[in-house]
Colleague: 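Pasting in a structure now, in structure tokens, and then I'll have a few things to ask.
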Amino acid sequence: MERAELDQNANDQAIADTWVLLGTIGAGGRAKVDRRGVITPEGATWSLDWWVGAEDRWHVASGAALVRQSLIESTPVVLSAMRLQGGEIEQRAWCVVDGSTGSPVLVVAFHNATSIPVALALAFTSAPNASSTIDFADGIVTIDGHAVAAFSRLPSRFGIELDGRSAQDVTTAGDAVNAFPADGIKSTGASTTASFVFPLPHTATLQVVLPLGAAMSAADLKRCDLTALPPFERVVAGWKAQTARAPKFDLPERQSEEAIDGSRSHLLVHVAGEDPLRWPGVPVNGLERSELMMALDEQGLSAESERLLVASTDLQNADGSFDSSRLDATASWVVALERHVALSGDEAFADQMVERVASAAHWIAKRQRGSRLRRSSSFFANGDGPIGLDADQRVGYDARWTVRSYRSAVALLDSAGQPDAALAVRLHLAALDDEMDRRGVSKVGPGDGTVADEAIAQLRRELLSGEPLWTWPSETDAHDPSRTAAFLRTVRAIVASDADDVVDLLPGFNEEWLGQPIAVHRLPTTVGLLSFALRWHGARPALLWEVEGDRDLTITCASIDSEWSTTDQRGEALLAAPVFDHVHSHFAHASEESVAETPVDEGTSFT
């Protein structure tokens, strides 16, 4: 191919620095795919870029403007499509376990969906300052002796540095060589790139397999039968089967269903190991681990939550704390454990954990007794805590977490038949409650676990910032597990709150959702699996509900009709027209006479 013009685009750095995490459930090994489809396995000192030579010019994925991305059916199977004249070159990436070696691998398939043949160059680049050797023998790419890639067919040419020109310049000029250097390509500190060039005719597909996790030898990778690896369609079906346990949400917000489904799958990738990890392999802190466990339980993924709870017991210190420098790490663990037991109904698990609960509560109580909320000598606001809270705010934050942990500990100890231990915690709770009142420490604010006043507005912001891959960044991780959990917990807080045997429907509802249909199916709550639907008859909403369970309960919907409640397991009701200060009067004062005569015709069962 003659030298063609490069598609250069010094695009915004924010997009280049975002990525989505891919992995398997239980087999380990992870990789990130950035917004251009550039791939980096966890722990690797190299990355895989892709360049496409078309009729007009060469298009470099890491610098191309026209790469769109999506999750295939809201699962961790990523489509990155590069737009060319006449169609797209599609890259699909997914993780599986290789049956021949039992090792996790990343499969990357490149499909020519254009109407023209193209040249595809797969470029391996070592990280700067990494002294490494890239080699190719027997169809296997190795870096420093470790196998990093196998292709479904052999490349036709190789782009390497020649006469002071980069591998990219050599490749795009049509000067790629026919044989890979016998001694490999060595780096002496700067990054080094080698490209492997393949013809990709119309409708053709090229597949490459990258080992994940532990280092793999060339001989082991050569044993991998690329034709036997599950195709992406089977992997998508597998992920959807994994998340079929989760509740279903039909909310008014655009793309909310896709975002929720995608976030659930991401959550399972984040917690696949015994210790949830940030990229690259950095454990989350104690509070974040607890938030992940609560998000799992609230999404019906209780088996994964229980596995993390059991694994986390290894992190408990002899004094009962999980992190002696952060109160919220220990307090949130107690809250997460109680939440798991309440939503899963597994009281036997609470019995197994009773000694650890008592130990954690004792550690928190020792700080309370020694502090009396005085900043000079108090554990409250000492040590580490959330960034952005000053000392006074930290006092309230720590105190509110302590209140929540005491209440959770009481529930767990009572259910485990430990009345004396539960009474001791109740006394600590009463003393703290009095002290907070006396000192004017607010019981409302960060750490109290309640839904934010502007939860729907927050949900909209998250939906806008998270698309198309439904990832949210932090200062240290572009696909942060704690933000995935926070998004799912925001959704849960909007649709239902539950404490003891009282379930309040749609506590986050406000005028932005007036007149919009809402449905939730099989949501785990403290009283059983809850399904409900809201349909509108003029200004008044019709509510249908059903709870799968036999516990005594009370259901309310205070954000819409503060006067309504029921103790029935299932039924239907026409609620009063909600009135908000900012709602136009013609909606708030719609004729109630005609509405009252409108039958509720949505049915009475969700099964």
Side-chain angles (χ1 to χ4, degrees), residues 21-33 37-50 76-78 91-111 120-126 132-158 179-185 194-200 204-239 269 272-273 280-281:
L21 190 67
L22 300 184
T24 62
I25 296 178
R30 307 190 303 174
K32 68 177 184 180
V33 182
V38 177
I39 295 169
T40 307
E42 190 169 41
T45 58
W46 54 271
S47 61
L48 173 62
D49 197 358
W50 49 300
V77 179
V78 178
Q91 178 210 76
R92 292 178 176 84
W94 65 96
C95 292
V96 297
V97 177
D98 171 39
S100 59
T101 62
S103 299
V105 297
L106 178 70
V107 183
V108 189
F110 297 89
H111 177 71
L120 173 68
L122 301 183
F124 293 83
T125 300
S126 64
S132 59
T133 300
I134 302 176
D135 207 349
F136 181 71
D138 297 326
I140 304 295
V141 181
T142 60
I143 297 181
D144 297 332
H146 300 305
V148 301
F151 305 116
S152 57
R153 63 176 182 272
L154 293 176
S156 60
R157 290 173 296 155
F158 307 90
F180 201 84
D183 296 331
I185 302 171
S195 73
F196 299 79
V197 185
F198 302 83
L200 196 65
T205 299
L206 174 75
Q207 192 164 285
V208 56
V209 173
L210 313 178
L212 301 176
M216 182 180 288
S217 68
D220 285 339
L221 184 54
K222 199 169 182 61
R223 287 168 47 204
C224 177
D225 183 359
L226 274 64
T227 63
L229 293 174
F232 79 88
E233 295 91 346
R234 279 178 54 192
V235 174
V236 167
W239 278 106
V269 173

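Every value quoted in this text rests on a predicted model; they were computed, and no experiment measured them.
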Colleague: Testing the basics here: between G29 and L212, what is the closest heavy-atom pair and its distance to 0.1 Å?
Modeller: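 What the structure gives for the nearest pair is CA-CB, 3.8 Å.
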
Colleague: Once you round to the nearest 0.5 Å, how far does OG of S217 lie from CD1 of I140?
Modeller: 9.5 Å

Colleague: I need the Q91 CD to L122 CG distance, nearest 0.5 Å.
Modeller: 9.0 Å

Colleague: Quick one: does W94's side chain get under 4.5 Å of V78's, heavy atoms only?
Modeller: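 Not in contact.
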
Colleague: Go through it in stages, so that I can follow the logic: the residues are L206 and H111, the test is side-chain contact (heavy atoms from CB on, under 4.5 Å), and I'd like the CA-CA distance, side-chain angles, deciding distance and then a yes or no.
Modeller: CA-CA 7 Å; L206 174 75; H111 177 71; over 6 Å; no

Colleague: Find the distance between OG (S152) and CG (L226) and round it off to the nearest 0.5 Å.
Modeller: 6.5 Å

Colleague: side-chain contact (heavy atoms from CB on, under 4.5 Å) between T133 and I143: does it pass, once the steps are laid out?
Modeller: CA-CA 5 Å; T133 300; I143 297 181; over 6 Å; no

Colleague: Can you check whether V107 reaches V96 side chain to side chain, under 4.5 Å on heavy atoms?
Modeller: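 Counting from C-beta outward, V107 and V96 do come under 4.5 Å.
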
Colleague: Should L22 and V33 count as side-chain neighbours, where that means a heavy-atom distance under 4.5 Å?
Modeller: yes

Colleague: Decide yes or no on side-chain contact (heavy atoms from CB on, under 4.5 Å) for I39 and V108, but give the supporting numbers first.
Modeller: CA-CA 9 Å; I39 295 169; V108 189; 3.5 Å; yes

Colleague: Taking side chain to side chain contact (heavy atoms under 4.5 Å, CB included) as the criterion, tell me which of F198, F196, F110 meets it with V208.
Modeller: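 Checked F198, F196, F110 against V208; only one passes side chain to side chain contact (heavy atoms under 4.5 Å, CB included): F110.
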
Colleague: Are S132 and T45 packed together at the side-chain level, in the sense that at least one heavy-atom pair is separated by less than 4.5 angstrom?
Modeller: no

Colleague: Write down the atom of P76, the atom of V269, and the distance for their closest heavy-atom approach.
Modeller: CG-CG2, 4.0 Å

Colleague: So which heavy atom on P211 is nearest to which on A149, and how close?
Modeller: CD-N, 4.2 Å

Colleague: Check whether any side-chain N or O of K222 sits under 3.5 Å from a backbone N or O of D138 as a donor-acceptor pair, and report yes or no.
Modeller: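 Pair found, side chain donor or acceptor close to backbone of D138.
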
Colleague: Show, in sequence, the C-alpha distance, side-chain angles and deciding distance for T101 and M216, and conclude whether the side-chain contact (heavy atoms from CB on, under 4.5 Å) test is met.
Modeller: CA-CA 10 Å; T101 62; M216 182 180 288; 4.2 Å; yes

Colleague: Could you tell me whether a side-chain N or O of T142 sits under 3.5 Å from a main-chain N or O of H146, the two making a donor and an acceptor?
Modeller: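 Not a single qualifying donor-acceptor pair exists.
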
Colleague: Roughly how far, to the nearest 0.5 Å, is the CD1 atom of I25 from the SG atom of C95?
Modeller: 11.0 Å

Colleague: With a 4.5 Å heavy-atom cut-off, do Q207 and F151 have their side chains touching?
Modeller: no

Colleague: Please tell me if the side chains of S100 and D225 come closer than 4.5 Å, counting only heavy atoms from C-beta onward.
Modeller: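 No; the side chains remain at least 4.5 Å from each other.
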
Colleague: Spell out, as yes or no, whether a donor-acceptor pair under 3.5 Å connects the side chain of D49 to the backbone of A123.
Modeller: no

Colleague: With sequence neighbours excluded, what pairs up with R153 under the salt bridge (Lys or Arg N to Asp or Glu O under 4.0 Å) test?
Modeller: none

Colleague: Nearest heavy-atom pair of G37 and W50: which atoms, and what distance?
Modeller: O-NE1, 3.3 Å

Colleague: Do L229 and C224 come close enough that some side-chain heavy atom pair is under 4.5 Å?
Modeller: yes

Colleague: Taking the side chain as C-beta and beyond, is there a heavy-atom pair between V97 and V105 under 4.5 Å?
Modeller: no

Colleague: Measure the CG-OG1 distance between L210 and T40 for me, rounded to the nearest 0.5 Å.
Modeller: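 One gets 10.0 Å once the value is rounded to the nearest 0.5 Å.
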
Colleague: In terms of the angle between their ring planes, are F136 and F158 parallel, tilted or perpendicular, with boundaries placed at 30° and 60°?
Modeller: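 Taking F158 first and then F136, their aromatic rings sit tilted (interplane angle of 30° to 60°).
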
Colleague: Measure the CG-CG distance between D183 and D135 for me, rounded to the nearest 0.5 Å.
Modeller: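 Between D183 CG and D135 CG, I get 8.0 Å after rounding to 0.5 Å.
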
